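Report on one structure; see the data block that follows.
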Amino acid sequence: MNNINILIIEDEKKISTIMKSYFEKEGYNVLQAFDGKEGLELFNNNEVDLIILDLMLPKLPGEEVIKEIRNKSDLPIIMVSAKVEEDNRVEGLRLGADDYVTKPFSPKELVERVKAVLRRIEKYNIPRADIIKTSDGRLEMDLQYNRIFKDGKEVLLTKNEFQILKTIFSSPNKIFSRDEIIALTFGYDYDAYDRAIDTHIKNIRSKIEDNPKRPAYIKTIYGMGYKSGGVDDYIKE
Ligand code: CA
């Protein structure tokens, strides 16, 4: 189990079932919707990480589904469409879909596309939600407006401090070396000393922690680096 939830929105039951079995073989969790409306309902009521979306759908066309989802989330959407639907596909990409496969497609190819999209997200550390909350509910990072709140009160971080915290919180289960924090936050060319990160972390802690000497939100992992504390996963808003 890799804890990634894929929502398949596809009205052709046979195709949906084939996709489902391929994804499950790879360890993904699968939700199925058979029309556009049901797709949106499942999206609204579940933690969905990626959507496979057919464009020609009953009740609500795929393009409308993309629009609705993009109002709320940046999660990856991969369209599946027949060749004859090229205009729809272009429209879908314009509306914010990430990729597409053309019917008939090989399920293996689709699985590879999904993996590639998920890798891309991980690599560039693109947050999957606009708000990151710690599980105690006290810290809230607004990634859209670059603001952070503790107990509802705004905390003023410098730009660098904010970006560093965002890097660490964006992969809650990862231990980051200092080099990785620099690379992921500022890019590989950034000329920073490892120890500069320690200073930033110290300053961030003094602003967000109850007791900076016993930090709850940024843990020091000795000999390795830093890891987030108290961030389960993204809370989608
Ligand atoms: Ca269809």
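All values below come from the heavy atoms of this structure, side chains included, with hydrogens, waters and symmetry mates left out. Read the numbers this way: they start at 1 and go in the same order the structure lists the ligands and their atoms. Given the structure is predicted, the values throughout are model-derived calculations rather than measurements.
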- Query: Does NZ belonging to Lys37 count more than 12 external heavy atoms closer than 6.0 Å?
  - Reply: no

- Message: Measuring only between side-chain heavy atoms, which start at C-beta, is Phe176 closer than 4.5 Å to Lys227?
- Response: no

- Message: Can you list everything that forms a salt bridge (charged side-chain N to carboxylate O under 4.0 Å, His left out) with Glu68? Sequence neighbours excluded, please.
- Response: none

- Could you tally the protein N/O/S atoms lying less than 3.0 Å away from the Ca ion (ligand 1)? 3

- Item | Lys/Arg-Asp/Glu bridge criterion (N-O < 4.0 Å) met for Arg70, Asp98 | yes

- Tyr100 atom OH, neighbour heavy-atom count above 12 within 6.0 Å: no

- Find out whether Ile69 and Ile51 are in side-chain contact, i.e. whether some heavy atom of one side chain is under 4.5 Å from a heavy atom of the other. yes

